[in-house]
**Q** 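Dropping the structure in here first, questions after.
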Amino acid sequence: NVRLDVSLRDNLTIIRFLTDDPEEEDDYHVTTGAQEVKMRLTADYVFNDSFSIQLFFDRKVNTPFVKTTYDTAETSFGFNLMLTL
């Protein structure tokens with residue numbers, strides 16, 4: 001079995017300004033937030049009824065909307081051996 005999960009999320013916090021001019025487009029200011037992309041890949045293989053293996057790869061990337069913060073990325077990978085007695 002092979003499975004791929006991908007998610008995209010925008011977390012955004014803004015401050016709105018009250019203006020009298022309805023044509024003014026920039027009536028808000030972004031204070032914090034980031035675009036988050038997650039990817040998780042897993043592959044399972046069953047050798048027999050009592051022994052199986054799972055390989056996994058996870059990746060999470062945050063791209064902030066505010067210029068004063070840095071992009072971050074997290075990666076993990078590995079395998080699980082499962083023995084059923």
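Quick note: residue numbers are just sequence positions, from 1. Everything numeric here is computed off the predicted structure, so don't read it as measured data.
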**Q** First locate atom CZ of Phe65, then atom CG of Leu12, and finally report the distance between them rounded to the nearest 0.5 Å.
**A**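 Between atom CZ of Phe65 and atom CG of Leu12 there are 5.5 Å.
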
**Q** Picking from Lys60, Arg40, Lys38, Met39, what satisfies side-chain contact (heavy atoms from CB on, under 4.5 Å) with Ser7?
**A**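 Result for side-chain contact (heavy atoms from CB on, under 4.5 Å) with Ser7: Lys38.
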
**Q** Taking atom CG of Asn62 and atom OG1 of Thr72, what is their separation to the nearest 0.5 Å?
**A**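 So the gap between those two atoms works out to 4.0 Å.
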
**Q** Do Phe77 and Leu55 sit in the same hydrophobic cluster, where Ile, Leu, Val, Met, Phe, Trp and Tyr count as joined when their side-chain heavy atoms come under 4.5 Å apart?
**A**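 Different hydrophobic clusters.
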
**Q** Could you pull out the closest heavy-atom pair between Ser52 and Val46, with the gap in Å?
**A**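 Closest approach of Ser52 to Val46: CB-CA, 3.9 Å.
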
**Q** Please examine the side chains of Val2 and Leu4, heavy atoms only from C-beta on, and report whether any two atoms are closer than 4.5 Å.
**A**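 They are not in side-chain contact.
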
**Q** Which heavy-atom pair separates Val66 from Thr31 by the least distance, and what is that distance?
**A**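 Closest approach of Val66 to Thr31: CG2-O, 3.4 Å.
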
**Q** How about Leu85 and Ser50: do any of their side-chain heavy atoms sit closer than 4.5 Å?
**A**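 Heavy-atom side-chain distance check fails, nothing below 4.5 Å.
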
**Q** Out of curiosity, Tyr70 OH to Thr68 OG1, how far, rounded to the nearest 0.5 Å?
**A**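 If we round to the nearest 0.5 Å, Tyr70:OH and Thr68:OG1 are 9.0 Å apart.
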
**Q** Val61: which residues meet the side-chain contact (heavy atoms from CB on, under 4.5 Å) condition with it, sequence neighbours left out?
**A**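 Here the qualifying residues are Arg59, Thr63, Ala73.
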
**Q** For Ile53 and Met82, which heavy atoms make the closest approach, and how far apart are they?
**A**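 The answer is C-CE, 4.2 Å.
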
**Q** A side-chain contact here means heavy atoms from C-beta on lying under 4.5 Å apart; do Asn80 and Phe56 qualify?
**A**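 A side-chain contact exists here, since the closest heavy-atom pair is under 4.5 Å.
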
**Q** Could you state the interatomic distance from OG1 (Thr75) to CZ (Phe57), rounded to the nearest 0.5 Å?
**A**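 Going from OG1 on Thr75 over to CZ on Phe57, the span is 5.5 Å.
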
**Q** Got a sec: does the CZ of Phe51 have more than 12 other heavy atoms crowding it under 6.0 Å?
**A**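 It does: Phe51 CZ has more than 12 such atoms within range.
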
**Q** Salt bridge or not between Asp5 and Arg3? Use side-chain N to carboxylate O under 4.0 Å.
**A**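 Arg3 and Asp5: salt-bridged.
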
**Q** With the 4.5 Å side-chain cut-off for hydrophobic clustering, are Phe79 and Phe47 part of the same group?
**A**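 Yes, Phe79 and Phe47 fall within the same hydrophobic cluster.
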
